[in-house]
Amino acid sequence: MVLFGKTPAKKPASAKPATGPKAAREPAQAGPRPVSARELAAAAAGRRAGRAGAFEPIGDTSLRGASIIDWSSAPAAIEVLQANPGLCDVLENAALLFASGQDAAARALLEQGVQADADARQSALAWLALFDLMQRAGDRDAFEQLAMHYVLQFESSAPSWEAAAPDKAGGAAHGGGYIAIAGALSAANPAPLEGLRRAVASSVPRARVDLAGLTDFDDAGARELAELLARARRQRMALAVQRPERLRTALDAAVARGREGGEGAWLLSLELLQWQHEQAQFDERALEFAVAFELSPPSWEPPAAEHGGPTEGRSTEGGSNAAAAASRTSEIADEPDVLDLVGVMAGATPPQLPEIEQFATLHDVVTVDMSRVERVDFVAAGAFLNVIARLESRHHALQIVGATPIVRALLLLIGASPRHFVRKVS
């Protein structure tokens, strides 16, 4: 079941050539050496990898805690490490299987490895990755049985079964989601709204949508953003709309052109007025909309006050003032400075990566919570590593919290440094 053969260890050269029956059985020239998972990752990163070294220290264990290493004095360079804590051939191959969607094969490989492979037996991360896959599969009996063997192997408590396992696609209660919408909105470019689509579909609690990075929109793009915000409002989603000032200025200019400004711009303008609780201006613009388009305008149904309001944008009188700005700054500063990533990261341009880069425009320390990332495929892992390199070249520090063991194993294999993984503060 092993995808890539394990590189045979070189034996010390003998002082005298081998003789006898054993020498006769050995081939005169060895065949081509199998390629290991580590070498595949190194080749993809354009570098040669070294062999796995020291094992991860054993300590406090949980699926989201034991596999996390505190960062302090590790080197700053991004490279495929010559010694990644806890990695071994079995875990590397299992991580690649899982990344390609072969969960059952990855689990079978790890189950065999922790029993029969010496390196895997001593790798706490390999065991934790197996716990991770059993939890995902809902196999509690196997999980509990493995826990007993883990205690005997490491003389340390095993991870606990999570009675209500998180919905890694995004359905679990989890606060602090951050969604940055950047670039131009258009029918031909759906990517900027992907994060908001996923957040609205899963009703992410206490989510924040940052509109500061929007540069342009067409009628279709404005209409879709208006529809997503309206859906979030109707389902009482706890969403905070942040920094809409530049967008609202552009929408005001479009509305001033009347019908030529586009129905989408009018609808988005009305929607933002609802989120900002500006009823007087909403009523006036709704009447103008009805006259311009001969259509019934949206009804006034603002979100609950705690889910948005004048402190997130303009004041209730329709203009900005120092008090509103100070209140807005205070409220944003109180939000957790963590970017919550959700879903599957796949392909060369996963939608989560622009969210990271936009988040970095506001933070020197870029902390990403990967608790609800279900899977990262091999190509997306490489793209993620490129983002890390770009951020660090601009003197940002990136921290990853909450990555499950099997996801962490892939990121370590592709070249992420152990210093990027930090413990999640509970």
Practice task
Flag the pair Arg197 and Glu194 as a salt bridge only when some basic side-chain nitrogen lies within less than 4.0 angstrom of an acidic carboxylate oxygen.
Solution key: yes

Handout entry: Aromatic ring pairing Trp266/Phe289, orientation class (parallel under 30°, perpendicular over 60°, tilted between)
Key = tilted

Exercise for the section: Determine yes or no for a side-chain-to-main-chain donor-acceptor pair under 3.5 angstrom, with Gln279 supplying the side chain and Trp300 the backbone. Expected result: no

Practice task
Return yes when atom CD of Glu144 has more than 12 non-hydrogen atoms of other residues, nucleotides or ligands closer than 6.0 Å, and no otherwise.
Solution key: yes

Practice task
Scan side-chain atoms only and decide if Arg285 and Ser269 contain a donor-acceptor pair under the 3.5 Å cut-off.
Solution key: yes

Practice task
Before accepting this row, confirm whether a basic side-chain N of the pair Glu263/Arg223 lies closer than 4.0 Å to the acidic partner's carboxylate O.
Solution key: yes

Exercise for the section: Determine the minimum heavy-atom distance between Ala403 and Phe421, stating which atoms define it. Expected result: CB-CE2, 4.3 Å

Exercise for the section: Identify the heavy atoms of Leu267 and Pro298 that sit nearest to each other, and give their distance. Expected result: CD2-CG, 4.0 Å

Exercise for the section: Indicate yes or no: at least one non-hydrogen side-chain atom of Gln235 is less than 4.5 angstrom from one of Arg231. Expected result: yes

Tabulate below the donor-acceptor pairs under 3.5 Å that side-chain atoms of residues 349-356 make, not counting sequence neighbours, or state none.
{"unit_1": "Gln352", "atom_1": "NE2", "unit_2": "Val342", "atom_2": "O", "d": "2.9"}
{"unit_1": "Gln352", "atom_1": "NE2", "unit_2": "Val344", "atom_2": "O", "d": "3.2"}
{"unit_1": "Glu355", "atom_1": "OE2", "unit_2": "Arg198", "atom_2": "NH2", "d": "3.1"}

Practice task
Taking only Lys NZ, Arg NE, NH1 and NH2, and the carboxylate oxygens of Asp or Glu, determine whether Glu392 and Arg419 approach each other closer than 4.0 Å.
Solution key: yes

Problem - Any Leu128 side-chain heavy atom under 4.5 Å of Pro159 side chain - result: yes

Problem - Side-chain heavy atoms of His363 within contact of Leu339, under 4.5 Å - result: no

Practice task
State which residues pass side-chain hydrogen bond (donor to acceptor under 3.5 Å, both in side chains) with Glu357; sequence neighbours excluded, sorted by chain then number.
Solution key: Arg390, Arg394

Practice task
Would you please indicate if the ring centroids of Phe131 and Trp161 are separated by under 6.0 Å?
Solution key: no

Handout entry: Distance-only side-chain donor-acceptor flag, Gln102 / Ser100, under 3.5 Å
Key = yes

Practice task
Keeping to residues at least two apart or across chains, list the salt bridge (Lys or Arg N to Asp or Glu O under 4.0 Å) pairs with something in residues 397-407.
Solution key: none

Practice task
Give a yes-or-no answer on whether the side chains of Arg136 and Thr404 include a donor-acceptor pair shorter than 3.5 Å.
Solution key: yes

